[in-house]
Structure formats: C-alpha cells, structure tokens
Number of protein chains: 2
Amino acid sequence: MAKGTDDTIAVRISKVLADRIISGAIEPGARLRQDHVAEEFNTSHVPVREAFRRLEAQGLAVSEPRRGVRVAAFDLGEVKEVAEMRAALEVLALRHAAPHLTSAILDQAEEATKAGDKSRDVRSWEEANRAFHRLILAPCGMPRLLATIDDLHAASARFLFAAWRSEWETRTDQDHRAILAALRQGNAESAAATLGRHVQWIGRKPIRTASGATREAFAIVG
Amino acid sequence: MAKGTDDTIAVRISKVLADRIISGAIEPGARLRQDHVAEEFNTSHVPVREAFRRLEAQGLAVSEPRRGVRVAAFDLGEVKEVAEMRAALEVLALRHAAPHLTSAILDQAEEATKAGDKSRDVRSWEEANRAFHRLILAPCGMPRLLATIDDLHAASARFLFAAWRSEWETRTDQDHRAILAALRQGNAESAAATLGRHVQWIGRKPIRTASGATREAFAIVG
DNA sequence: AATGCAGAAATTATCTATAATTTTGGATCG
DNA sequence: CGATCCAAAATTATAGATAATTTCTGCATT
C-alpha cells in the first residue's frame, strides 16, 4: 500500500484520522481541534482544515460552522441505513461485475474468505471481508459506484469495531461461499440475491458501557 | 432559498461554483484556478481550496495533487452509472418513505408534476422534477441516503443541461402520475417499480458541436 | 523543422499572523 | 442557592506572505 509520498499533507492527515475514527481510537462525538492536529503533524491548520472537509464528505465527521468539527455519532438507525444502502448498491455492482469475473478473481476471493474464517481478531476479519467484496465488485467498472461503496464499507467497519472492540470468535462464512459457488456456475442473479441478504445481516452483541450497565451493540457482519 | 448568511465563505463559494458547473457555465475539463476564484469572491484562496474539496466530494470536480483541480468530465458511461445508482437508491428510499406519505405530501408532489409539465425550459423542468423526487423520498428518514441521492441529482442535472442547453419541449410526465396513483392506493411496490424504471429513462438527442459536426447527447430524463 | 534545454511566469501548497466568534469561569445580583 | 451577565481564554475563520512545484516560452542545437 503506497503511503503516497506525493500525496498532499491534507490527504495524509485525513487518512490517519479516518483510520483512527474507524478503529474507534477517537470516540464518536469527540471534538477534532485543528490546532492540536496541526501540532501533532507539524503543520499549520490549513491542511488540517482540508483534511476535515474530506472526513466530512466520507461521513466520518460533522462540522457546524464556527463551532468546530466533531467525530460523527451513529446509532442503530444509521447502521441499518448503511446496511440497506450497501445491499442496494453492492447488488447493482455485482450484476455488472459478474460478466467480467474470471476464475482467477474468484480464486482470490476464495482466498480472502479463507483468510477471514481464520481471523482471530476483528481487524483482520474486516480486512479480509472488505477484500472479498472489493474483489468481486471491482470489475463492474463503475468508479462512482465503487467510491460510494467504499465509503459505506468504512462506515460499516466503524460500527463493527465499536461493537466487537476486542473479542472475536472465528466463524466460517457460508454466505461468501454460496456467492462464489453461484458465480462459478454463472448464476449472477442468485449470487446477487445472496449478497443482498448477506450485507444486511446485522449482528447483535451485549457490551458493557463505562458506567457498568450493559446495552446492545449492533454491527453489519457481512 | 436561504442564501445562508451564516454559511461559511467556503460553503458559499462551493454553492456558486456547483451551480455554474451543473448549468454548464463552466465546461467539463476546465481548470479551476484558486487565485482567480479567490479574487472574484474577494477572499483569500484558503476558503476557495475548501470549496474545491466540497466539489470534489460531490463528484463535480477532480483534483490532482500539485496540478490543480478541474471540472469533472463525463461520458455516456457515467450517465448510465448515475441512472442506475439513482434507480437502486431511490427505490430503496421510496420503500421506506411510502408508509409515511400523507395525502398532503402527495398533493404537493402532484403540483410539482404539473409545474414540470408546464415548464417551457430545461431549467424549470429540472427544478420541478427534483422537487417531485425529493417530496416523495424525504419522509424515508434516512439522511445519508438522501444526501447521496442529492449528489446524484446534481450529476443528473449536469448531464441534462449539457444535452438540452436551451431547447426544451413540454411533455406530460406519465410516470410521475403513475407513481402517485400507486402511492395513493397504498401500492408501494408498484410505485417503486415504476420509479426504478423511470429514472433509468435516458433521453438521446443529436447536438451540434462547435466544429459543426453532430454527435449524440444523452441525459437522464426522470 | 523538430527537439530539448534554461529561465521566467504562473500556480499550488503551506506557513505565520490577525480578526471574529464561541465557550468558559467567576463574580454579582435576585 | 441558583441564575445571569461580563470578561478572559480558547478556538475557528480568514488574510497576507513565502516556498515549492509545474507549466510556459523562447532560444539554441541537431
């Protein structure tokens, strides 16, 4: 992964901050103070502000004019919303990608699935899962659609990490295998239908809050 | 239309530029020079750069690091892509909005349809059409989905204005009426199906290029 | 005539400084 | 004791200036 030495400073900052927000290192609702960030990266606040605009566009931060920018909050409603948007858009992408899928690509996707099944922590499972989806969708050749899906995946990952902060139980992903089987048989519609259901699978999990009470956490697990 | 006096300057600039790009006042591929824009708006270039980031996020501009930003180009492929994304997402939004639609809203939507049918120029037709879609979709209560659909509408409008720069023939929108009728009968699925087909209706039109040759122009007409 | 190089001009990216706004802490008053 | 208001501090927004990069232009060379 090229760390983009030719990237502008603003892009580099936005990538680092995006990673922190997604991983949960910065809490939802936390303020992002431009001077603090600027100091950390040894820059002025101007590129920091541009980085904030990028995060805003991705839906990872929200800004109120003259009141600063803070990490976007999210609730069960947004988890559902993202799941449904992903279902609609990934199905569309897969329908267009299917004719261009080679067995080489499908083999790679199978490898990604196996890697996910073997993962012993959320982070590597998420990475493998994202790789699977990207592999089978990328050949659709629709850049705008893929960019939108990427942003939704970032949001999904955030929900996931918020719920399964550390514990993770390995599980074999039957959906991924069913999708691959259907694609190998040239049955794009069946694959798309499974994918549509798959990404709407919302996992539930009780987590302990800081105050000691327990509440349910939700995340897209597909 | 609140011109947002409390908006930040960057937001104001981005709105004006977005309007120019959508209307075709600035050609696709044209460079956006920050100092020139800054001079025009009597500001420094810093808010201009932030405005550029916003346009980029909306897909109206593309930027290459250290080489500046230019108005995004588009081709038939992207017109189709946007049409399909709109179909997928607007159908989703309508399914969620349907239970919350009141007859008052549907009446307003019918007014918008009539206004569109009476329009004698592209600009006012587009405005009425957008109002119709927004009215029936907004009650879905999914802010992220609505924001994405808005961006797609902006892109659609751009395609439309590029093709039908001035001439426009009035026509009665049967699809809008069919959608409203289905919604009034509580048949959300039928309305959604019609909407899905409706926004994928791509108009074709021969236009004369600067060099005198004719080529086909395409636009989403729904 | 085409190609390549050098210097100039233009443009972008960043930094430092200033102005404006909001938040906060504390003192005063009801 | 609590609410309100004012002043100080913190933070954001913008401006003006500087450094670095790219693009342009003209001239020399093949």
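Not measured: the values here are computed from a predicted model. The chains referred to below are lettered A, B, ... by the order of the sequence lines, with proteins before strands, and numbering in each begins at 1.
The residue from His198(B), Arg95(B), His153(B) that alone fulfils the side chain to side chain donor-acceptor pair (under 3.5 Å) condition with Glu90(B) is His153(B).
In terms of phosphate contacts, Arg67(B) brings no side-chain nitrogen or oxygen within less than 4.0 Å of OP1 or OP2 of dT21(D).
Ionic pairing of Arg12(A) and Glu50(A) is not present here: no N-O contact between side-chain nitrogen and carboxylate oxygen is shorter than 4.0 angstrom. In summary, Asp151(B) and Arg144(B) do not engage in a salt bridge, as defined by a charged side-chain N under 4.0 Å from a carboxylate O.
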Please test Asp150(A) against Arg130(A) for salt bridge (Lys or Arg N to Asp or Glu O under 4.0 Å), starting from the C-alpha separation and ending with a verdict.
CA-CA 9 Å; Asp150(A) 275 349; Arg130(A) 184 153 37 84; over 6 Å; no
As a quick check of understanding, evaluate side chain to side chain donor-acceptor pair (under 3.5 Å) for Arg86(A) and Ser156(A), giving each step before the final call.
CA-CA 9 Å; Arg86(A) 274 187 57 191; Ser156(A) 287; 3.0 Å; yes
Go through the steps to decide whether Lys114(A) and Asp107(A) satisfy the test salt bridge (Lys or Arg N to Asp or Glu O under 4.0 Å), and finish with yes or no.
CA-CA 11 Å; Lys114(A) 283 177 185 163; Asp107(A) 288 348; over 6 Å; no
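Taking atom NE2 of His45(A) as the reference point, atom P of dA10(D) lies 18 Å away to the nearest angstrom. Distance Arg70(B) CZ to dT22(D) P: 15 Å, rounded to the nearest Å. In this structure, Arg33(A) atom CZ and dA13(D) atom C1' are separated by 17 Å, rounded to whole Å. In this structure, Leu32(A) atom CG and dT12(D) atom P are separated by 9 Å, rounded to whole Å.
Both Arg31(A) and Val69(B) sit near DNA chain C, but only Val69(B) has its closest nucleotide nearer the 5' end. Heavy-atom distances to DNA chain C give each of Gln34(B) and Val46(A) a nearest nucleotide, and the one nearer the 5′ end belongs to Gln34(B).
Protein chain A contacts DNA chain C over a range whose 5' and 3' limits, counting nucleotides with an atom under 4.0 angstrom from a non-hydrogen atom, are dA13(C) to dT23(C).
A donor and an acceptor atom, one from each side chain of His96(A) and Glu84(B), are located under 3.5 Å apart.
Between Phe74(A) and Phe159(A), the distance from one ring center to the other falls under 6.0 angstrom. Between His133(A) and His176(A), the distance from one ring center to the other falls under 6.0 angstrom.
Residues from residues 35-43 of chain B lying near DNA chain D, meaning a heavy-atom separation below 4.0 Å, are Asn42(B), Thr43(B) in numerical order.
In the helix from dA1(C)-dT30(D) to dG30(C)-dC1(D), the terminal helix axes, each the rotation mapping four pairs' C1' atoms onto the next four within five end pairs, subtend 20°, rounded to 10°.
In the displayed structure, Glu40(B) atom CD is contacted under 6.0 Å by more than 12 heavy atoms of other residues, nucleotides or ligands.
Within the model, atoms CZ of Arg20(B) and CD of Glu27(B) stand 14.0 Å from one another, a figure rounded to the nearest 0.5 Å.
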